[in-house]
Asks: 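Below is the structure I would like to discuss, written out as structure tokens.
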Amino acid sequence: MSFPAFIDVNAAIRLKSVDFPDADELFALVDANREHLRSWLPWLDVNQSAADTRQYIERSKQAAADGVGWNLLVLHQSRLCGTIGFNWIDPANRACELGYWLAAEATGNGLISRSLHTLVELAFSDLELNRINLSVATGNLPSRAVAERLGFQQEGISRQAEWLYDHYVDLVRYALLRQNWQPG
């Protein structure tokens with residue numbers, strides 16, 4: 001399985017496969033948004049330098065080469081504003097899990113909704129997957145709204161499923177099946 005270097009979502013939004021030249025800019029964006037991201041993302045304490053970001057990119061590139069994951073940068077008018085991607089892909093079961101985050105100043109503009117829509121289309125058409133999973137903290141209402149707007153169905157809540165620095169959070173498990181997808 002090979003993935004394209006770029007995906008144009010629309011005239012203003014482009015998704016770009018993560019690559020080593022992006023490490024410094026991506027780390028700077030994470031670092032500048034650390035407090036904003038800390039509310040819902042558990043990995044900030046292991047991302048303390050551009051070298052840590054390069055290790056993430058190395059793992060991402062290996063997952064893409066193996067066909068078991070794919071991480072992309074979200075660019076809005078050519079400016080980096082977050083990431084989105086396939087946290088994992090299970091080719092045998094034709095399933096995946098999507099994940100995403102945006103810098104604080106980029107939220108509320110539909111960037112994730114449009115980008116996620118594009119990846120759902122790609123997952124069902126090009127990758128021929130049957131099931132897409134999303135896991136969202138119960139209190140993360142904006143991310144839950146994105147999933148629900150796109151037709152993801154809540155399948156349950158996993159109690160205390162993720163350690164978030166000093167406490168556990170419950171995760172809402174969403175899924176979208178190919179047969180329920182309304183393209184367009």
Side-chain angles (χ1 to χ4, degrees), residues 1-4 7-10 13-18 36-44 56 59-74 81-102 106-165 167-184:
M1 181 179 317
S2 67
F3 299 106
I7 299 173
D8 289 322
V9 173
N10 60 30
I13 305 168
R14 178 175 249 202
L15 306 179
K16 176 188 179 296
S17 292
V18 296
H36 163 69
L37 298 173
R38 195 169 189 78
S39 298
W40 306 117
L41 300 175
W43 47 261
L44 291 161
Y56 156 76
R59 290 188 306 273
S60 297
K61 289 176 72 68
Q62 187 60 56
D66 293 343
V68 297
W70 184 31
N71 292 301
L72 303 115
L73 304 176
V74 178
C81 56
T83 69
I84 192 168
F86 295 83
N87 294 337
W88 53 263
I89 300 170
D90 178 352
N93 289 303
R94 296 173 49 197
C96 71
E97 181 171 83
L98 294 175
Y100 47 84
W101 64 265
L102 282 179
T107 62
N109 298 311
L111 300 177
I112 285 299
S113 292
R114 289 181 186 97
S115 298
L116 192 60
H117 184 278
T118 297
L119 288 189
V120 167
E121 290 262 345
L122 183 135
F124 287 143
S125 60
D126 296 9
L127 302 182
E128 299 180 352
L129 298 179
N130 184 60
R131 178 184 173 89
I132 302 172
N133 299 290
L134 275 174
S135 296
V136 180
T138 55
N140 189 343
L141 301 181
S143 282
R144 292 183 64 182
V146 167
E148 291 166 10
R149 257 193 318 274
L150 290 176
F152 282 80
Q153 298 296 309
Q154 181 177 330
E155 293 190 328
I157 295 177
S158 297
R159 296 174 302 134
Q160 297 185 8
E162 189 169 73
W163 179 251
L164 200 58
Y165 308 104
H167 66 285
Y168 286 101
V169 294
D170 297 344
L171 295 179
V172 180
R173 305 295 185 170
Y174 288 99
L176 180 61
L177 303 179
R178 176 199 298 255
Q179 69 192 29
N180 301 123
W181 175 238
Q182 302 294 319

Asks: Check C81 against L111 and note the closest heavy-atom contact, atom names and distance.
Replies: SG-CD1, 3.7 Å
Asks: Which heavy-atom pair separates Y174 from R144 by the least distance, and what is that distance?
Replies: OH-NE, 3.1 Å
Asks: Taking the side chain as every heavy atom from C-beta outward, state whether L127 and F3 have any pair of such atoms under 4.5 Å apart.
Replies: yes
Asks: What distance do E97 atom CD and D90 atom CG have between them, rounded to the nearest 0.5 Å?
Replies: 12.0 Å
Asks: Can you name the closest pair of heavy atoms from L116 and L98 and give their distance?
Replies: CD1-CD1, 3.4 Å
Asks: Parallel, tilted or perpendicular: which fits the ring planes of W101 and W43, with parallel below 30° and perpendicular above 60°?
Replies: tilted
Asks: Test your reading of the model: is there a side-chain donor-acceptor pair from Y165 to the backbone of L41, 3.5 Å cut-off?
Replies: yes
Asks: Could you give all pairs that pass the salt bridge (Lys or Arg N to Asp or Glu O under 4.0 Å) test and reach residues 109-119, with sequence neighbours left out?
Replies: none
Asks: Nearest 0.5 Å, please: how far is NZ in K16 from CG in L72?
Replies: 9.5 Å
Asks: I'd like to check R173 versus I157 (side-chain heavy atoms, cut-off strictly below 4.5 Å). Are they in contact?
Replies: no
Asks: Looking only at side chains, do R159 and Y168 share a donor and an acceptor under 3.5 Å apart?
Replies: no
Asks: List the atom of S113, the atom of L150, and the distance in Å for their closest heavy-atom pair.
Replies: O-CD1, 4.0 Å
Asks: With a 3.5 Å distance limit and no angle check, can you tell me whether R178 reaches the backbone of A123 through a side-chain donor-acceptor pair?
Replies: no
Asks: Taking atom OG of S143 and atom CH2 of W40, what is their separation to the nearest 0.5 Å?
Replies: 9.0 Å
Asks: Can you check whether L15 reaches V9 side chain to side chain, under 4.5 Å on heavy atoms?
Replies: yes
Asks: Which value, rounded to the nearest 0.5 Å, describes the distance between N71 atom CG and S17 atom OG?
Replies: 9.0 Å
Asks: Within the structure provided, determine whether Y100 and V74 are in side-chain contact (heavy-atom separation under 4.5 Å).
Replies: no
Asks: May I ask you to test the T118-I13 pair for a side-chain heavy-atom distance under 4.5 Å?
Replies: no
Asks: Considering all heavy atoms of both residues, which atom of N133 and which atom of A175 are nearest to each other, and what is their separation?
Replies: OD1-CB, 3.9 Å
Asks: So, taking the atom named CD1 in I7 and the one named CH2 in W70, what distance separates them when rounded to the nearest 0.5 Å?
Replies: 3.5 Å
Asks: So L122 and F86, do their side chains get closer than 4.5 Å, heavy atoms only?
Replies: yes
Asks: So do the side chains of V146 and R149 get within less than 4.5 Å of each other, counting heavy atoms only?
Replies: yes
Asks: Roughly how far, to the nearest 0.5 Å, is CD1 of I132 from CZ of R94?
Replies: 12.0 Å
Asks: What pair of heavy atoms forms the shortest contact from I84 to L119, and how long is it?
Replies: CG1-CD1, 3.8 Å
